[in-house]
Amino acid sequence: MVRAGLAPAVDGATILGVDVLEPRSLKRHDPVAGAFDALLTGRTMAEPARRGKFLWIPLVGGDPRRAIVAHLGMSGQMLLREPGTVEDGLLRIRLHIEHPVHGELWVHFVDQRIFGSMAVDTLVPTPDGMPGGRGTTEALVPAQVGHIARDPLDPAFDDDGFAAALAKKNTGIKRALLDQTLVSGIGNIYADEALWAAKLHYEQPTRTLSRARIRNLLAEVRLVLEKALAEGGTSFDAQYVNVNGASGYFAHSLNVYGRQGLPCPRCGTPIVREPFMNRSSHRCPRCQRLRAPRRVAVAPAV
DNA sequence: CTTTCGCCCTGAGTGC
DNA sequence: TGCACTCAGGGCGAAA
């Protein structure tokens, strides 16, 4: 939704100037190729693309091809503003752009916790030759995003490859969902929601999941991601606004996340919250129990 | 090689 | 009232 909102304003626009108010917001930028502002000033942007939680805006022309890369972290936002707008102290980076139709605009990278960051990065070919991400037809992806898997809403996402990877892994299903090299775009909240919908325990070993269960889980993941996109994403920061400035809460749609002690919407059993990877997992203790594998692979007794 | 862990960061919230 | 402390999140490099 950030990408879709940004697209009409930046596609075809030229960058007139760059203000970096918080250098720490450039931690993804490798200065070897040049300074962030110098690489951007005077360049024209194409349509933004997205893969997982990374957003990038390709620059038109140039050799090598480059793109503005942004990771919004948890608290990051890309906001469109009229020039002269007063922004509060959370503004980290500003792009001053001029669009052939919309005229001059400011693009604000606002990030309270400085977990997100921006960079100028080179574009490299995708190994599978498919478009680099949603929003682009070019088979290019920023170098630093190359190891990130496609997200399940990407038409080029490989369902069978994902299932095959799960069969080989020795880990729990939630760890796999959060592993951005396997599948991207799923954070702690969406993982809990999708696992609840699929009636799976977060520690269910991936190798015990049948193809049918994996298919079902992927379908639930897609529903969660689509709902989140439609509602403008999840954020618990009260000042959350989308690219047009409208408020976008998702919290009212949550079935398990943050609902410990409250009844499971499906069976009424109180939701529990359990420590997991220095974070927490929420699940229904009745709907989401560990399942025995259908076929147990037992080593033959000697 | 695979898997796990700690750190980055800061405002909101909690407890004394 | 004020202070100390905890928590939340995604990605990355280090450690196991």
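Sequence lines set the chain letters: A, B, ... in the order given, protein chains first and strands last, and positions in each chain run from 1.
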A:His71 side-chain N/O to C:dG11 phosphate OP1/OP2 under 4.0 Å: yes
Atom pair distance, as rounded to whole Å: NE2 in A:His282 and P in C:dC7: 13 Å
Atom-pair distance (CD on A:Glu274; P on C:dC7), nearest Å: 16 Å
For a quick test of your reading: what N or O donor-acceptor pairs under 3.5 Å do the side chains of residues 149-159 of chain A make, sequence neighbours left out?
residue: A:Arg150; atom: NE; partner: A:Asp128; partner atom: OD2; Å: 3.1
residue: A:Arg150; atom: NH1; partner: A:Pro131; partner atom: O; Å: 2.7
residue: A:Arg150; atom: NH1; partner: A:Asp154; partner atom: OD2; Å: 2.8
residue: A:Arg150; atom: NH2; partner: A:Asp128; partner atom: OD1; Å: 3.1
residue: A:Arg150; atom: NH2; partner: A:Asp128; partner atom: OD2; Å: 3.3
residue: A:Arg150; atom: NH2; partner: A:Met130; partner atom: O; Å: 3.4
residue: A:Arg150; atom: NH2; partner: A:Pro131; partner atom: O; Å: 2.9
residue: A:Asp151; atom: OD1; partner: A:Leu153; partner atom: N; Å: 2.8
residue: A:Asp151; atom: OD1; partner: A:Asp154; partner atom: N; Å: 3.3
residue: A:Asp154; atom: OD1; partner: A:Ala156; partner atom: N; Å: 2.8
residue: A:Asp158; atom: OD1; partner: A:Asp160; partner atom: N; Å: 3.2
residue: A:Asp158; atom: OD1; partner: A:Gly161; partner atom: N; Å: 2.9
residue: A:Asp159; atom: OD1; partner: A:Arg222; partner atom: NH2; Å: 2.9
residue: A:Asp159; atom: OD2; partner: A:Arg222; partner atom: NH1; Å: 3.3

A:Trp196 six-ring centre to A:Arg266 NZ/CZ under 6.0 Å and within 45° of normal: yes
Exercise: do A:Thr171 and A:Thr206 side chains pair donor with acceptor under 3.5 Å: no
Side chain to side chain contact (heavy atoms under 4.5 Å, CB included) between A:Glu104 and A:Ile97, worked out: CA-CA 6 Å; A:Glu104 292 190 21; A:Ile97 70 174; over 6 Å; no
Whole-Å gap separating P (B:dT3) and CG (A:Asp179): 9 Å
4.5 Å side-chain heavy-atom contact, A:His96 and A:Val18: no
Any A:Lys168 side-chain nitrogen or oxygen under 4.0 Å from OP1 or OP2 of B:dT2: no
Between B:dT4 (P) and A:Leu178 (CG): distance, integer Å: 12 Å
Between C1' of C:dG10 and OH of A:Tyr190, the distance in whole Å: 13 Å
Difference in axis direction between the ends of the helix from B:dT2-C:dA16 to B:dC16-C:dG2, five pairs, 10°: 60°
Row check, A:Trp106 ring normal vs A:Arg81 NZ/CZ: under 6.0 Å, within 45°: no
Minimum side-chain heavy-atom gap A:Val141-A:Phe54 below 4.5 Å: no
For A:Ser281, all residues meeting side-chain hydrogen bond (donor to acceptor under 3.5 Å, both in side chains), sequence neighbours excluded: A:Lys174
Base-contact (B) and sugar-phosphate-only (S) positions in nucleotides 5-12 of chain B, heavy-atom cut-off under 4.0 Å, - elsewhere: -B-BBBS-
Protein-nucleotides 12-16 of chain C N/O pairs under 3.5 Å:
residue: C:dC12; atom: OP1; partner: A:Arg28; partner atom: NH2; Å: 2.5
residue: C:dC12; atom: OP2; partner: A:His147; partner atom: NE2; Å: 2.9

Distance-only check: which donor-acceptor pairs under 3.5 Å involve side-chain atoms of residues 114-125 of chain A, not counting sequence neighbours?
residue: A:Asp121; atom: OD2; partner: A:Ala143; partner atom: N; Å: 3.3
residue: A:Asp121; atom: OD2; partner: A:Gln144; partner atom: N; Å: 2.8
residue: A:Asp121; atom: OD2; partner: A:Gln144; partner atom: NE2; Å: 3.3

Nucleotide B:dT3, atom P - distance to NZ of A:Lys174 in whole Å: 18 Å
Between A:Glu274 and A:Tyr202: side-chain donor-acceptor atoms closer than 3.5 Å: yes
Nucleotide C:dG11, atom C1' - distance to CZ of A:Arg51 in whole Å: 16 Å
CA sep, side-chain torsions, deciding dist, call: A:Phe109, A:Leu95, side chain to side chain contact (heavy atoms under 4.5 Å, CB included): CA-CA 8 Å; A:Phe109 178 71; A:Leu95 304 182; over 6 Å; no
